[in-house]
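Down below is the structure, laid out as C-alpha coordinates.
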Amino acid sequence: ANTILNSSEAGKVGQQHYIRLVDVFLPVETISPLEPTGVSRLHLRPEKNHLEALLQRFFGHDSFREGQYEAIARALNFQDTVVLLPTGSGKSIVFQLASLLLPGTALVICPLLALIKDQLRVLSAHGITRVGQISSMSSLEEKDAILDELGQGLHRFCYIAPERLQITQFREQLRSVSEKIGIALVVIDEAHCVSEWG
(Lines give C-alpha, C1' and ligand atoms only; values in the text may rest on other atoms or scores of the structure.)
Protein backbone atom coordinates (compact mmCIF):
# COMPACT_ATOMS: atom_id res chain seq x y z
CA ALA A 1 0.00 0.00 0.00
CA ASN A 2 1.41 3.36 -0.95
CA THR A 3 -0.41 5.58 1.53
CA ILE A 4 0.87 4.05 4.70
CA LEU A 5 3.35 5.17 7.30
CA ASN A 6 5.87 4.08 9.86
CA SER A 7 9.30 5.59 9.48
CA SER A 8 10.97 2.44 10.78
CA GLU A 9 9.57 0.49 7.84
CA ALA A 10 10.08 3.01 5.05
CA GLY A 11 11.30 1.45 1.85
CA LYS A 12 11.02 1.26 -1.91
CA VAL A 13 8.79 -0.65 -4.27
CA GLY A 14 10.31 -0.49 -7.74
CA GLN A 15 11.23 3.18 -8.00
CA GLN A 16 8.40 4.39 -5.75
CA HIS A 17 9.10 5.25 -2.13
CA TYR A 18 6.54 4.20 0.43
CA ILE A 19 5.90 4.38 4.14
CA ARG A 20 3.89 1.71 5.95
CA LEU A 21 1.18 2.49 8.50
CA VAL A 22 0.86 -0.05 11.29
CA ASP A 23 -1.02 -0.12 14.57
CA VAL A 24 -2.99 3.10 14.41
CA PHE A 25 -5.18 3.18 17.49
CA LEU A 26 -8.31 5.29 17.84
CA PRO A 27 -10.27 5.07 21.11
CA VAL A 28 -13.43 3.00 20.73
CA GLU A 29 -16.40 3.89 22.88
CA THR A 30 -18.59 0.91 22.02
CA ILE A 31 -18.97 -1.72 19.35
CA SER A 32 -22.63 -2.33 18.61
CA PRO A 33 -24.05 -5.69 17.52
CA LEU A 34 -24.14 -6.36 13.80
CA GLU A 35 -26.40 -4.01 11.91
CA PRO A 36 -29.02 -5.47 9.52
CA THR A 37 -26.52 -4.87 6.68
CA GLY A 38 -24.04 -7.14 8.44
CA VAL A 39 -21.63 -4.30 9.19
CA SER A 40 -20.47 -3.84 12.77
CA ARG A 41 -20.32 -0.14 13.57
CA LEU A 42 -17.54 1.35 15.65
CA HIS A 43 -18.48 4.42 17.64
CA LEU A 44 -15.27 6.38 17.73
CA ARG A 45 -14.19 9.43 19.65
CA PRO A 46 -11.04 10.18 17.71
CA GLU A 47 -8.77 12.56 19.55
CA LYS A 48 -8.06 15.71 17.58
CA ASN A 49 -4.30 15.46 18.11
CA HIS A 50 -4.27 11.87 16.80
CA LEU A 51 -6.06 12.88 13.63
CA GLU A 52 -3.84 15.94 13.26
CA ALA A 53 -0.79 13.68 13.37
CA LEU A 54 -2.25 11.68 10.48
CA LEU A 55 -3.22 14.90 8.69
CA GLN A 56 0.40 16.02 8.91
CA ARG A 57 1.77 12.66 7.71
CA PHE A 58 -0.63 12.21 4.81
CA PHE A 59 -1.16 15.79 3.65
CA GLY A 60 1.57 17.89 5.26
CA HIS A 61 -0.78 20.18 7.24
CA ASP A 62 -0.01 20.81 10.92
CA SER A 63 -3.57 21.49 12.08
CA PHE A 64 -7.17 21.38 11.00
CA ARG A 65 -9.01 24.38 9.67
CA GLU A 66 -12.35 25.34 11.19
CA GLY A 67 -14.95 22.59 10.77
CA GLN A 68 -12.63 19.91 9.37
CA TYR A 69 -12.06 17.90 12.54
CA GLU A 70 -15.75 17.82 13.45
CA ALA A 71 -16.72 16.64 9.97
CA ILE A 72 -14.08 13.90 9.95
CA ALA A 73 -15.18 12.69 13.38
CA ARG A 74 -18.78 12.44 12.13
CA ALA A 75 -17.71 10.55 9.00
CA LEU A 76 -15.71 8.07 11.10
CA ASN A 77 -18.92 7.38 13.03
CA PHE A 78 -20.87 6.76 9.79
CA GLN A 79 -22.99 9.87 10.37
CA ASP A 80 -24.38 11.71 7.36
CA THR A 81 -22.49 14.97 7.13
CA VAL A 82 -22.95 18.14 5.11
CA VAL A 83 -19.75 20.19 4.90
CA LEU A 84 -20.24 23.80 3.81
CA LEU A 85 -16.92 25.61 3.75
CA PRO A 86 -15.57 28.39 1.53
CA THR A 87 -13.69 27.49 -1.65
CA GLY A 88 -10.15 26.43 -0.86
CA SER A 89 -10.80 25.80 2.83
CA GLY A 90 -10.13 22.06 2.74
CA LYS A 91 -13.41 20.23 2.15
CA SER A 92 -11.65 17.52 0.15
CA ILE A 93 -9.26 16.68 2.98
CA VAL A 94 -12.30 15.94 5.17
CA PHE A 95 -13.46 13.01 3.08
CA GLN A 96 -9.98 11.99 1.96
CA LEU A 97 -8.58 11.58 5.47
CA ALA A 98 -11.77 9.92 6.75
CA SER A 99 -11.72 7.50 3.81
CA LEU A 100 -8.11 6.51 4.43
CA LEU A 101 -9.08 5.50 7.98
CA LEU A 102 -12.14 3.44 7.00
CA PRO A 103 -12.22 0.03 5.36
CA GLY A 104 -13.36 -0.13 1.76
CA THR A 105 -13.42 2.33 -1.11
CA ALA A 106 -14.68 5.91 -1.11
CA LEU A 107 -17.05 6.64 -3.98
CA VAL A 108 -16.68 10.34 -4.88
CA ILE A 109 -19.42 11.78 -7.06
CA CYS A 110 -18.00 14.81 -8.84
CA PRO A 111 -19.60 16.70 -11.75
CA LEU A 112 -16.50 18.41 -13.14
CA LEU A 113 -13.77 16.56 -15.01
CA ALA A 114 -11.30 19.35 -14.25
CA LEU A 115 -12.01 18.97 -10.51
CA ILE A 116 -11.52 15.20 -10.71
CA LYS A 117 -8.18 15.64 -12.48
CA ASP A 118 -7.08 18.23 -9.91
CA GLN A 119 -7.97 15.97 -6.98
CA LEU A 120 -6.17 13.00 -8.58
CA ARG A 121 -3.11 15.20 -9.09
CA VAL A 122 -3.14 16.36 -5.44
CA LEU A 123 -3.64 12.82 -4.09
CA SER A 124 -0.81 11.53 -6.28
CA ALA A 125 1.47 14.32 -5.05
CA HIS A 126 0.89 13.01 -1.51
CA GLY A 127 1.67 9.42 -2.55
CA ILE A 128 -1.96 8.29 -2.71
CA THR A 129 -2.16 6.53 -6.07
CA ARG A 130 -4.79 3.84 -5.55
CA VAL A 131 -7.39 6.05 -7.20
CA GLY A 132 -9.70 5.31 -10.12
CA GLN A 133 -12.04 7.45 -12.16
CA ILE A 134 -14.97 6.71 -14.43
CA SER A 135 -16.13 9.58 -16.59
CA SER A 136 -17.29 10.38 -20.11
CA MET A 137 -13.60 10.51 -21.07
CA SER A 138 -13.11 6.85 -20.06
CA SER A 139 -13.35 4.18 -22.75
CA LEU A 140 -15.64 1.19 -22.21
CA GLU A 141 -12.56 -0.96 -21.58
CA GLU A 142 -11.25 1.52 -18.99
CA LYS A 143 -14.63 1.62 -17.22
CA ASP A 144 -14.80 -2.18 -17.08
CA ALA A 145 -11.20 -2.37 -15.83
CA ILE A 146 -11.85 0.15 -13.03
CA LEU A 147 -15.00 -1.71 -11.92
CA ASP A 148 -13.06 -4.98 -11.92
CA GLU A 149 -10.27 -3.41 -9.88
CA LEU A 150 -12.84 -1.95 -7.46
CA GLY A 151 -14.25 -5.42 -6.92
CA GLN A 152 -10.75 -6.58 -5.98
CA GLY A 153 -10.30 -3.74 -3.47
CA LEU A 154 -7.47 -2.16 -5.46
CA HIS A 155 -8.68 1.44 -5.14
CA ARG A 156 -9.08 3.63 -2.05
CA PHE A 157 -11.02 6.24 -4.04
CA CYS A 158 -13.16 6.06 -7.16
CA TYR A 159 -14.31 9.31 -8.76
CA ILE A 160 -17.42 9.16 -10.92
CA ALA A 161 -19.63 11.67 -12.70
CA PRO A 162 -23.15 11.91 -11.21
CA GLU A 163 -24.94 10.98 -14.43
CA ARG A 164 -23.35 7.49 -14.27
CA LEU A 165 -25.67 6.71 -11.36
CA GLN A 166 -28.62 7.04 -13.74
CA ILE A 167 -27.43 3.88 -15.52
CA THR A 168 -29.10 0.81 -14.02
CA GLN A 169 -26.29 -1.57 -15.00
CA PHE A 170 -23.71 0.70 -13.37
CA ARG A 171 -25.71 0.82 -10.13
CA GLU A 172 -25.87 -2.98 -10.13
CA GLN A 173 -22.11 -3.17 -10.67
CA LEU A 174 -21.60 -0.80 -7.72
CA ARG A 175 -23.92 -2.93 -5.58
CA SER A 176 -21.74 -5.95 -6.37
CA VAL A 177 -18.58 -3.99 -5.45
CA SER A 178 -20.20 -2.89 -2.20
CA GLU A 179 -21.05 -6.47 -1.27
CA LYS A 180 -17.52 -7.71 -2.04
CA ILE A 181 -15.31 -5.06 -0.46
CA GLY A 182 -17.56 -2.40 1.05
CA ILE A 183 -17.94 1.27 0.30
CA ALA A 184 -16.26 3.37 3.01
CA LEU A 185 -18.00 6.62 2.13
CA VAL A 186 -20.21 8.04 -0.57
CA VAL A 187 -19.13 11.62 -1.15
CA ILE A 188 -21.11 14.17 -3.13
CA ASP A 189 -18.45 16.70 -4.02
CA GLU A 190 -20.35 19.80 -5.17
CA ALA A 191 -23.78 20.76 -3.88
CA HIS A 192 -25.29 21.17 -7.32
CA CYS A 193 -25.04 17.40 -7.82
CA VAL A 194 -27.99 17.20 -5.44
CA SER A 195 -30.03 20.01 -6.98
CA GLU A 196 -29.41 18.90 -10.58
CA TRP A 197 -29.38 15.09 -10.31
CA GLY A 198 -31.22 14.52 -7.04
Quiz item: Rounded to the nearest 0.5 Å, what separation is found between the CD atom of Gln133 and the SG atom of Cys158?
Solution: 8.5 Å

Quiz item: Does Arg65 have any salt bridge (Lys or Arg N to Asp or Glu O under 4.0 Å) partners at least two apart in sequence or in another chain, and if so, which?
Solution: none

Quiz item: Which distance, rounded to the nearest 0.5 Å, do you find between the CZ of Arg130 and the OG of Ser124?
Solution: 14.0 Å

Quiz item: Is the CD atom of Gln152 crowded by more than 12 outside heavy atoms at less than 6.0 Å?
Solution: yes

Quiz item: Would His61 and Ile93 count as a side chain to side chain contact (heavy atoms under 4.5 Å, CB included) if you check the C-alpha gap in whole Å, the side-chain angles of each, and the deciding distance to 0.1 Å?
Solution: CA-CA 10 Å; His61 300 293; Ile93 281 181; 3.3 Å; yes

Practice problem: Determine whether more than 12 heavy atoms belonging to other residues, nucleotides or ligands lie under 6.0 Å from atom CZ of Arg175. | Solution: no

Quiz item: Crowded around Glu66 CD? As in, over 12 foreign heavy atoms under 6.0 Å?
Solution: no

Exercise. For Ile128 and Val131, work out which heavy atoms get closest and say how close.
Key: O-CG2, 3.8 Å

Taking only distance into account, with no hydrogens and no angle test, what donor-acceptor pairs under 3.5 Å do side-chain atoms of residues 96-110 form with protein atoms, sequence neighbours excluded?
from, atom 1, to, atom 2, distance (Å)
Gln96, NE2, Gln119, OE1, 3.4
Ser99, OG, Phe95, O, 2.6
Thr105, OG1, His155, O, 2.7

Quiz item: What is the minimum heavy-atom distance between Val177 and Gly151, and which atoms define it?
Solution: CG2-N, 4.0 Å

Quiz item: Can you tell me how far CD of Glu149 sits from CG of Asp144, rounded to the nearest 0.5 angstrom?
Solution: 11.0 Å

Practice problem: Check Gly132 against Ile146 and note the closest heavy-atom contact, atom names and distance. | Solution: CA-CD1, 4.0 Å

Self-check item: Asp80 atom CG, neighbour heavy-atom count above 12 within 6.0 Å
Solution: no

Quiz prompt | Gap between atom NZ of Lys48 and atom CG of Leu55 - 0.5 Å precision | solution = 10.5 Å

Quiz prompt | Flag, side chain of Lys91 to backbone of Leu85, donor-acceptor distance under 3.5 Å | solution = yes

Self-check item: Rounded distance (nearest 0.5 Å) linking atom OG of Ser178 with atom CZ of Arg171
Solution: 14.5 Å

Self-check item: Donor-acceptor under 3.5 Å (Gln68 side chain, Gly90 main chain)
Solution: yes

Exercise. Can you measure from CG (Leu174) to CG (Leu165) and round to the nearest 0.5 angstrom?
Key: 6.5 Å

